[in-house]
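Because the structure is a prediction, the values reported are computed rather than measured.
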Amino acid sequence: MGIDFEDTSYEFLEQPWFLVIVLAIAVAAYFLDRTRGTRPDESHDPVALGLGAIGMVLGALLFAGSLADGGHDSWPGLIYGAIAAGLGYMAVAQLFARARRRLRAAATDDSSGAPNLLDAYADVIALALAGLSILAPPVGIVAVIAFLVLLLRARRGGGQKYEGLRILR
């Protein structure tokens, strides 16, 4: 069960040198994120946009490789993988940017680490989603639909102020 890129033109995706490059990018992104402190508006942040572009390339390669592993033409995977990764990046980046803004607005000096936990949550969710998508491929389709819903709701409700419960003193 799973994906095996052997005997496809995407065999390099499971080679140690490629996995070391991906690991190096992830480690560099982690340390870059930790040293930046408060991040600027993520829609114009060149580091975040660069990582999003890398994610789109990896999504395209992995989708194409999984199609090739199944004996199908791989070229549609290059297109749809990039679209799915870009859609996921846009939806989740907006969601976490809004959550960071709310946490920073409500944070006190002793709870300043809360926005940093969001990145850990995002990583755990991404790994779980990737694993589930391999074990049960319809999970990937559900994820793309969820990303679309997140993106549409963020665009529609972007100008509205959050009117949650208020604590009365």
When clusters are formed by joining ILVMFWY residues with side-chain heavy atoms under 4.5 Å apart, either directly or through shared neighbours, do [X] and [Y] land in the same one?
{"X": "L148", "Y": "V139", "value": "yes"}
{"X": "L151", "Y": "L49", "value": "yes"}
{"X": "I54", "Y": "V57", "value": "yes"}

Taking distance alone, no hydrogens or angles, what donor-acceptor pairs closer than 3.5 Å link side-chain atoms of residues 9-31 to residues at least two apart or in another chain?
residue: Y10; atom: OH; partner: S74; partner atom: OG; Å: 3.4
residue: E14; atom: OE1; partner: F5; partner atom: N; Å: 3.4
residue: E14; atom: OE2; partner: E6; partner atom: N; Å: 3.3

May I ask you to list the residues sharing a hydrophobic cluster with [X], side-chain cutoff 4.5 Å, ordered by chain and number?
{"X": "I83", "answer": "F63, L67, W75, I79, Y80"}
{"X": "M56", "answer": "none"}
{"X": "V124", "answer": "none"}

Mark yes or no for whether Y89, through its side chain, and A53, through its backbone, hold a donor-acceptor pair below 3.5 Å. no
If I take atom [atom1] from residue [X] and atom [atom2] from residue [Y], how far apart are they, to the nearest 0.5 angstrom?
{"X": "L127", "Y": "L132", "atom1": "CG", "atom2": "CG", "value": "11.0 Å"}
{"X": "L78", "Y": "D73", "atom1": "CG", "atom2": "CG", "value": "11.0 Å"}
{"X": "D4", "Y": "S66", "atom1": "CG", "atom2": "OG", "value": "12.5 Å"}

